[in-house]
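Letters A, B, ... mirror the listed sequences (proteins, then strands); counts begin at 1.
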Amino acid sequence: MKDLANDFPILEQKVYGKRLVYLDNAATTQKPNSVIDTISDYYRTDNSNIHRGAHYLSEVSSERYEEARKKVSDFIGARNSSEVTFTSGTTGSINQVARSLGPSLRGKEVLVTGVEHHSNIVPWQLAGATVNAIPMDEDCNLLIDSMEITNKTKLIAIAHVSNVLGCVNEIKEITEIAKDHDIPVLVDAAQSIQHLPLDVKDIGCDFLAFSGHKMYASTGVGVLYTSDRFSDITPAIGGGGMIDRVSLDKTTYLDPPLRFEAGTPDIAGAISISAAIDHMQKIGMDKIKKHEQEVYSYSRDRLLEMDNVTVYGNTNEMCGAISFNLDNIHHYDTGLILDKMGVAVRTGHHCAQPLMGSLGIEGTVRASFALYNTKEDVDMLIEGIEKVEMMYK
Amino acid sequence: MKDLANDFPILEQKVYGKRLVYLDNAATTQKPNSVIDTISDYYRTDNSNIHRGAHYLSEVSSERYEEARKKVSDFIGARNSSEVTFTSGTTGSINQVARSLGPSLRGKEVLVTGVEHHSNIVPWQLAGATVNAIPMDEDCNLLIDSMEITNKTKLIAIAHVSNVLGCVNEIKEITEIAKDHDIPVLVDAAQSIQHLPLDVKDIGCDFLAFSGHKMYASTGVGVLYTSDRFSDITPAIGGGGMIDRVSLDKTTYLDPPLRFEAGTPDIAGAISISAAIDHMQKIGMDKIKKHEQEVYSYSRDRLLEMDNVTVYGNTNEMCGAISFNLDNIHHYDTGLILDKMGVAVRTGHHCAQPLMGSLGIEGTVRASFALYNTKEDVDMLIEGIEKVEMMYK
Amino acid sequence: MNDAIQNEIIEEFDGLEWFDKYSLLISFGKKLKPMDEEFKTEDNSISGCQSKVWVRSYNKDGKLSFDLDSDAMITKGIIALVAKVVNDRYPQEILNADLYFIDKIGLKSNLSPARSNGLESIINRIKEVATNEANSNDLKN
Amino acid sequence: MNDAIQNEIIEEFDGLEWFDKYSLLISFGKKLKPMDEEFKTEDNSISGCQSKVWVRSYNKDGKLSFDLDSDAMITKGIIALVAKVVNDRYPQEILNADLYFIDKIGLKSNLSPARSNGLESIINRIKEVATNEANSNDLKN
Ligand SMILES: Cc1ncc(COP(=O)(O)O)c(C=O)c1O
Ligand SMILES: Cc1ncc(COP(=O)(O)O)c(C=O)c1O
């Protein structure tokens, strides 16, 4: 396998005179040249607002935007590209669903897991729902048999992969149970879309959300998949572009996808997602998965080998992120020292305070991987951890 | 004045073998090299998620992001940069306010003008408010003396400049009256921020919204100014980054600006706004205004001179956009033919159907200007219109 | 499908500059018989177009024909051509039709899903009518 | 403000590699007297920090002193230095203080408004206490 890092210019950089070992990919990934160039080329040659333009650039931009929608649609296995809406990110996507379903959620229950990111908790609370978690064991395996669906349960909203622990949740099992109860399922794919081949038909979910910036594309753009079953829900956001007719008295909306895209979308961002998918597909999602799995397992093995290191979470399938702490050393101290060695990790609660509560800790050190990471990167991490321990002796 | 178009690479382009005369700036502006390069350089050297990162790149990104906030804050004359929030665009900003104020608007009235963009109408309708317009005369002058504020009026939400007609509304007069009634005012500055020097303290508004992509910055990012008076309103969007503490039962929020920035913001987008402001300030907002005024007046004069052309709107101060129709020729036909001559205009209702209703028309041809447009561009437009007329003879 | 008509159209446009193409479309548009105002109803109109477009259909001896109109002249010229190609055909013929002439005469961008022109919506409507007719014929048989 | 203390600190860090700087901070941190658990309350804590930080203040003969603690050792080392510089000063002295040593010893990034470390919040809290004390002194006079 050729060196996949070569396509990412930022990785050539040195920080504090050391090679940058970027292990903060769950926060955001770096961008390949092809994505960066796609964005600048767009602004240099094609930039225009889309839709309803009667001029050349507007046609070109509209076409490129709709091609991006089609590319995403195929990438996630949607039946119809009208099921794909560009949003501002995972958080934007989930809030949009929370708002659209709002009235039906108020005073009812949304079932989540114990590993959710705040972005898959707070929107439901703002919609007036009670948020309860499917039980899990201490290794963070979901106890799906103990999942309680009552007549108050109106939605199941679950992370595909935990941004803290890397646990892959059994979303298919859950969607099957949900189907029996006719309860819609939203999947937060922010931490899976870049790691695992994924098909919404196979998953059987009604909504799926992810962010461009975590899958090698630009900041400010995300995706919401909305199954055709929900094509007539009230749009959450009102404005230009999603309107059939507006008067001050009464307004009617277009059909999806435009229905769910109020205002000028992030056109360059959507096109950057298309370029990012091209980049991943050129390597191959299966190859990416296999390579990342090797690096991930290696990192897990090396960390588990260490005395004085606690690794959190242990499920059948894991990918992306791994969280740990050194005994008696604060995660923030660990992060600061690793940083000075060129190793970029994230520390803290990772926007998952309920999980921190369950684990009985304030925060973790999190290393998270992307396609360009290697076992050498893991070695640098381990070396860094040894250095931290030494400094605290 | 040196040729301001030189900084914009897209303008060197030919369409259909003709020089591109880009007059669709109210839809979106083109980007100067400095903005395009800022975006790619960011991804090549600094990209990282912001806030709570313990590593170098995260520090750099966070700092650049916060500098962008400060730059915007100074640019619009905010008292405190915590009053500036980055959003996904004008539409995103207005929806955010509509959502936050939602409960107080339901069943009440939001007062707008008759020239509003759908993005300043539909969000209020979705919030359950009645939307009424301040009366205007047939030249589209607001009849502020006839503005009726009742005890049902909970908000005044007005465009600073019409995206269709270019009329500048007397927002200061309105905020003064609103203050007497203790009613908050939102200003939609989507069509003024790029044309006029502007100061929120001077305007006296409580909210101000605009888009990056209409002020020479990237798509997918916008700004919401929220006066300190409203620093404790319920955030409209929930998720990572805006949270003090989350549990499944109860969540508390941070103070602004983070309170209003759920999820990963458009970091590169915010930084691109900063670069765009630098570009404008290097020329000087007053100079931009003066130059644009010359081109605008010239276009107005030339259009008014023509037989068989109707120009819409006629107010004291005008800038940005000018709308017209050729007698007995459909706006779309006009647009298509102008396009083939390299002149990019927009045609249709411009997301302002209520205004079209008042004017008794289906749509207009709209030419809209930016700092790089010249009188020669106007000449090309006029030449194009003459060609259209000839073809219909 | 009678490709002869399409080929004729293609030939007529062949080699023309855009100016002459548009002039030709405008002249076709001018010649298209306007629809009676009473039929320009909401139901007969197609949404998603920059210009207004109205569509009515007739079934004569199992063959379909369309009466089309628009408030914009170039659109009218284009739909006049569409009508020429699809009129007086059996539903199944229309369903199988590949309207390649649109691409060939350089109006493809008017067909883009980008909504700027509703040509795609117009063709969708025509095919929808044909589908309904084909199905109801099936039922009758 | 007693700049002598700041200059002393700067000298102590001068020329050190980051490894030695952090080691030094850790040793300062270890030496800082821990705050009694009972005082580590919500009210005394500072939000917006990656590590938890608690602040208490004392007024002795009109001079202010601060008792600071953190759960992270490097943070503790930094606040130990801050305490050294601001403790036992008149409120007005603290308000006027320019804590230039932070920049000089290369900890400026820990001061950024980017929230990663709450050093800015800590200094804000200290100045806030000093402001309140200064005002209440004014009232007494
Ligand atoms: C006056 C006005 N308001 C709001 C908007 C919506 O802006 P955006 O599409 O960037 O959200 C526009 C853009 O056309 C506008 O001109
Ligand atoms: C599982 C998960 N959900 C949601 C989010 C929020 O994504 P964004 O900040 O891009 O909106 C994240 C990002 O950290 C995440 O990891």
Side-chain angles (χ1 to χ4, degrees), chain A residues 9-10 15 27-28 30-31 36 39-40 43-45 47-49 52-57 88-89 91-92 95 117-119 121-123 125-126 131 133 213 218-221 237-240 243 245-248 251 262-264 266-269 332 335-336 339 344 346-348 351 353-354, chain B residues 9-10 15 27-28 30-31 36 39-40 43-45 47-49 52-57 88-89 91-92 95 117-119 121-123 125-126 131 133 213 218-221 237-240 243 245-248 251 262-264 266-269 332 335-336 339 344 346-348 351 353-354:
Chain A
I10 204 172
V15 299
T28 203
Q30 298 304 340
K31 321 304 173 200
I36 300 171
I39 298 167
S40 14
Y43 286 128
R44 276 183 219 284
T45 61
N47 176 61
S48 168
N49 212 322
R52 298 202 179 275
H55 61 83
Y56 176 76
L57 289 180
S88 60
T91 304
N95 275 274
H117 188 279
H118 295 164
S119 291
I121 298 173
V122 188
Q125 294 176 330
L126 283 173
V131 178
H213 71 96
S218 70
T219 57
V221 67
I237 309 177
I243 284 302
R245 301 274 339 152
V246 179
S247 74
L248 295 188
T251 289
T264 305
D266 188 353
I267 305 165
Y332 184 55
L336 281 182
D339 172 47
R346 192 143 295 231
T347 62
C351 294
Q353 290 180 359
Chain B
I10 205 172
V15 299
T28 203
Q30 299 304 339
K31 321 304 170 199
I36 301 172
I39 297 167
S40 16
Y43 286 129
R44 275 184 220 284
T45 60
N47 176 62
S48 169
N49 212 321
R52 299 203 178 274
H55 62 82
Y56 176 77
L57 289 180
S88 60
T91 304
N95 275 273
H117 189 278
H118 296 164
S119 291
I121 299 173
V122 187
Q125 294 176 329
L126 283 173
V131 178
H213 71 96
S218 70
T219 57
V221 66
I237 308 175
I243 284 302
R245 301 276 337 155
V246 179
S247 73
L248 296 188
T251 289
T264 305
D266 188 353
I267 306 164
Y332 184 56
L336 281 181
D339 172 47
R346 191 143 296 228
T347 61
C351 294
Q353 289 181 359

* Structure fact -> From the list A:P123, A:G240, A:C351, the residue making the most non-hydrogen contacts under 4.5 Å with chain B is A:G240
* Side chain, backbone, both or neither: which part of A:V221 has an atom under 4.5 Å from a heavy atom of chain B? -> neither
* **Heavy-atom pairs under 4.5 Å with chain B, option from A:G263, A:G348, A:G89 with the top count** => A:G263
* Structure fact -> Contacts of B:S119 meeting side chain to side chain donor-acceptor pair (under 3.5 Å) (sequence neighbours excluded), chain-then-number -> B:T91, B:H117
* For each of B:G239, B:A262, B:S88, tally heavy-atom pairs with chain A at distances under 4.5 Å, and name the one with the top tally. => B:G239
* Asked: Which atom pair, heavy atoms only, marks the closest approach of A:T347 to B:A54?
  -> OG1-CB, 3.8 Å
* Heavy-atom contact with chain A under 4.5 Å, split by part of B:Q30 -> both
* Structure fact -> So, the part of A:N95 with a heavy atom under 4.5 Å from chain B: the answer is side chain
* **Test side chain to side chain donor-acceptor pair (under 3.5 Å) applied to B:T28 - qualifying residues, sequence neighbours left out** => B:H213
* For B:T219 and A:Y43, which heavy atoms make the closest approach, and how far apart are they? -> N-OH, 3.0 Å
* Examine whether an atom of B:I237 lies under 4.5 Å from a heavy atom of chain A, and if so say whether it belongs to the side chain, the backbone or both; otherwise answer neither. => both
* Asked: Going by heavy atoms in the side chains, are A:V15 and B:H55 under 4.5 Å from each other?
  -> no
* Structure fact -> Scanning both residues in full, the closest heavy-atom pair of A:N47 with B:K31 reads ND2-CE, 3.6 Å
* **Note, B:S40 side chain near A:I39 side chain (heavy atom, < 4.5 Å)** => no
* Structure fact -> Here the gap from A:T251 atom OG1 to B:I121 atom CD1, rounded to the nearest 0.5 Å, amounts to 7.5 Å
* Structure fact -> Residues A:Q353 and B:V246: closest non-hydrogen pair is OE1-N, 2.6 Å
* Shortest non-hydrogen contact from A:S247 to B:Q125? -> O-NE2, 2.9 Å
* Count the heavy-atom pairs under 4.5 Å between each of B:G92, B:G269, B:S48 and chain A, then report the option with the highest count. => B:S48
* Structure fact -> Ranked by heavy-atom pairs below 4.5 Å to chain B, first place among A:V122, A:V131, A:N49 goes to A:N49
* **Contact origin within B:L248 toward chain A - heavy atom pairs under 4.5 Å** => both
